[in-house]
Amino acid sequence: SKEISGNSYHFFSEDMNTRTLETVQLENALYKALDRNQLLLFYQPQVDVTTNKVIGFEALLRWQHPEKGLVNPDQFITIAEETALIVPIGNWVLQEACQQLKRWQQLSGNHSMTMAVNLSARQFEQNNLYETVTQAIEEATISPECLHLELTENLIIKNTKTTLQTMKKLRAFGIKIAVDDFGTGYSSLGYLNRLPIDTLKIDKSFLHDIMIDNSHAVIANIIITLAHNLNLSVIAEGVETKEQVQFLLERNCYLMQGYYFSKPKAGAEITEIYFSIQR
Ligand code: C2E
Ligand code: CA
Ligand code: CA
Ligand code: CA
């Protein structure tokens, strides 16, 4: 029956309306954001601690909202994925990140500098992902080995035949594939030697309290050992302290990313800090 008491109905419907209105407004605003150039990329350095050199960057999406200011992706990625807006946004991210990498490679003379780009499952569902990615690389004239695609474990596991085929084609082209947030998904390890993967990325949640929570230290340890034994690269994200750097180095994990080295920053700021001639 649809008979609901006045009070609870009122409460329920008001709550739903607010949520829906907010979501719709956000969707509309996001839809325009791309056209209005309100989306931008921040970049976070990835460091080889044995040489203390920046080997590359991860591109991280931001939204310069006219009223809300700088908005982080956790506020809008889910909506972008639900509405499939992530597809045009993701294409833009790929192009922009490749172009930026090219400029930094030219400024530094280091043509093996890398760029990591996050991809959503939705993008893999498009049958032209391969073309989109290879076109971004060719337009920027960077070498394919320099583009690292970060895919979450859940995307990889949920893989359809098409996902797997696309991953294989991209890898055959030379592009590197990293498993993002490794260890946080609900998966068996069986896929690791079946799938075309180059890198495991240790999620920041495992590093966060390795110093106080031994079980996290054990997991971080196992991921590093696993990567070494399977001949995969391993990079740690969310590195914030000297102790974490030490912990990772002792276990031969020397590729790192995190606030300890640098927060994600706008492209112009990265240029000034790392690639400016006046330095
Ligand atoms: P992620 O790929 O796991 O990226 C790492 C997140 O950790 C980033 O958050 C980064 O700013 C943050 N982080 C980096 N170093 C540290 C640290 O030392 N400590 C802590 N506590 N955090 C650190 P951000 O930029 O807010 O991005 C959140 C998520 O949004 C990303 O998680 C990624 O899943 C998604 N995302 C970002 N950009 C894109 C994009 O272009 N496309 C897609 N599909 N997803 C994106
Ligand atoms: Ca990532
Ligand atoms: Ca992560
Ligand atoms: Ca993530």
Side-chain angles (χ1 to χ4, degrees), residues 41-60 72-74 101 104 108 110 112-118 145-154 156 176-187 189 192-193 197-267 269-276 279:
L41 293 178
F42 269 30
Y43 300 90
Q44 188 175 36
Q46 300 184 323
V47 180
D48 179 342
V49 178
T50 57
T51 58
N52 243 332
K53 291 225 160 77
V54 173
I55 53 152
F57 297 87
E58 178 177 4
L60 294 158
N72 281 337
D74 39 311
L101 179 64
W104 287 337
S108 65
N110 172 8
S112 53
M113 185 185 297
T114 59
M115 181 64 75
V117 172
N118 296 285
E145 295 76 32
C146 298
L147 181 64
H148 294 192
L149 298 178
E150 297 197 352
L151 319 181
T152 60
E153 209 172 13
N154 290 335
I156 295 171
K176 304 287 182 198
I177 295 179
V179 186
D180 210 351
D181 303 347
F182 184 76
T184 62
Y186 299 93
S187 65
L189 297 172
L192 283 177
N193 53 15
I197 287 165
D198 302 281
T199 303
L200 300 185
K201 199 160 183 186
I202 307 174
D203 190 63
K204 58 176 177 284
S205 62
F206 295 123
L207 280 187
H208 199 250
D209 20 54
I210 42 170
M211 300 308 151
I212 44 174
D213 183 342
N214 186 51
S215 72
H216 280 193
V218 168
I219 293 170
N221 219 350
I222 284 174
I223 297 174
I224 296 166
T225 308
L226 193 62
H228 286 157
N229 287 326
L230 292 172
N231 266 323
L232 299 170
S233 310
V234 58
I235 178 164
E237 74 170 17
V239 178
E240 293 181 356
T241 66
K242 201 184 257 172
E243 289 72 28
Q244 290 170 334
V245 173
Q246 200 54 41
F247 173 94
L248 292 162
L249 271 180
E250 279 165 9
R251 287 156 183 82
N252 287 319
C253 174
Y254 50 86
L255 299 181
M256 304 183 202
Q257 177 184 346
Y259 297 166
Y260 181 77
F261 305 98
S262 167
K263 291 205 164 181
K265 290 176 160 56
E269 207 176 335
I270 295 282
T271 304
E272 200 165 300
I273 297 170
Y274 298 95
F275 306 109
S276 158
R279 260 185 359 125

Validation row: T241, L207 side chains within 4.5 angstrom (heavy atoms): no
Taking side chain as C-beta onward, heavy atoms only, is I197 less than 4.5 Å from L151? no
Which donor-acceptor pairs under 3.5 Å do side chains of residues 216-227 form with protein atoms, sequence neighbours excluded?
{"from": "H216", "atom 1": "ND1", "to": "S205", "atom 2": "O", "distance (Å)": "3.3"}
{"from": "H216", "atom 1": "ND1", "to": "D209", "atom 2": "OD1", "distance (Å)": "2.7"}
{"from": "N221", "atom 1": "OD1", "to": "R251", "atom 2": "NE", "distance (Å)": "3.2"}
{"from": "T225", "atom 1": "OG1", "to": "N221", "atom 2": "O", "distance (Å)": "2.9"}

Set of residues satisfying side chain to side chain contact (heavy atoms under 4.5 Å, CB included) with respect to [X], sequence neighbours excluded:
{"X": "Q246", "result": "E250"}
{"X": "T50", "result": "D48, Y254"}
{"X": "F261", "result": "V47, V49, V239, V245, M256"}

Set of residues satisfying side-chain hydrogen bond (donor to acceptor under 3.5 Å, both in side chains) with respect to [X], sequence neighbours excluded:
{"X": "N252", "answer": "none"}
{"X": "E145", "answer": "S143"}
{"X": "S108", "answer": "none"}

How many angstroms lie between [atom1] in [X] and [atom2] in [Y], if you round to the nearest 0.5 Å?
{"X": "D180", "Y": "T152", "atom1": "CG", "atom2": "OG1", "result": "7.0 Å"}
{"X": "I55", "Y": "L255", "atom1": "CD1", "atom2": "CG", "result": "4.5 Å"}
{"X": "D181", "Y": "T184", "atom1": "CG", "atom2": "OG1", "result": "4.5 Å"}
{"X": "K53", "Y": "Y274", "atom1": "NZ", "atom2": "OH", "result": "14.0 Å"}
{"X": "F57", "Y": "F42", "atom1": "CZ", "atom2": "CZ", "result": "14.0 Å"}
{"X": "K176", "Y": "H148", "atom1": "NZ", "atom2": "NE2", "result": "6.5 Å"}

Measure across [X] and [Y] and return the closest heavy-atom pair with its distance rounded to 0.1 Å.
{"X": "I156", "Y": "V179", "answer": "CD1-CG2, 3.8 Å"}
{"X": "S262", "Y": "K265", "answer": "OG-NZ, 3.7 Å"}
{"X": "C253", "Y": "I202", "answer": "SG-CD1, 4.5 Å"}

For C146 and L101, what are the C-alpha separation, side-chain angles and deciding distance, and is it a side-chain contact (heavy atoms from CB on, under 4.5 Å)? CA-CA 9 Å; C146 298; L101 179 64; 3.8 Å; yes
Is it the case that over 12 heavy atoms from other parts of the model lie below 6.0 angstrom from the NE2 atom of H208? no
Tested for side chain to side chain contact (heavy atoms under 4.5 Å, CB included) against F182, the lone hit among D203, L192, V234 is L192
Could you tell me which residues satisfy salt bridge (Lys or Arg N to Asp or Glu O under 4.0 Å) with E150, sequence neighbours excluded, listed by chain and number? K201
Listed by chain and number, what are the salt bridge (Lys or Arg N to Asp or Glu O under 4.0 Å) partners of D213, not counting sequence neighbours? none
For Y43, give me all partners under ring pair (Phe, Tyr, Trp, His ring centres under 6.0 Å), at least two apart in sequence or on another chain. W104
Could you walk me through whether Q46 and Q257 pass side chain to side chain donor-acceptor pair (under 3.5 Å), step by step? CA-CA 5 Å; Q46 300 184 323; Q257 177 184 346; 2.8 Å; yes
Show your reasoning for whether side-chain contact (heavy atoms from CB on, under 4.5 Å) applies to V117 and L147. CA-CA 8 Å; V117 172; L147 181 64; 3.9 Å; yes
Determine, step by step, whether E58 and Q44 satisfy the side chain to side chain donor-acceptor pair (under 3.5 Å) criterion, reporting the C-alpha distance in whole Å, the side-chain angles of both residues, the deciding distance to 0.1 Å, and the verdict. CA-CA 5 Å; E58 178 177 4; Q44 188 175 36; over 6 Å; no
Got a donor-acceptor contact below 3.5 angstrom from the E237 side chain to the K204 backbone? yes
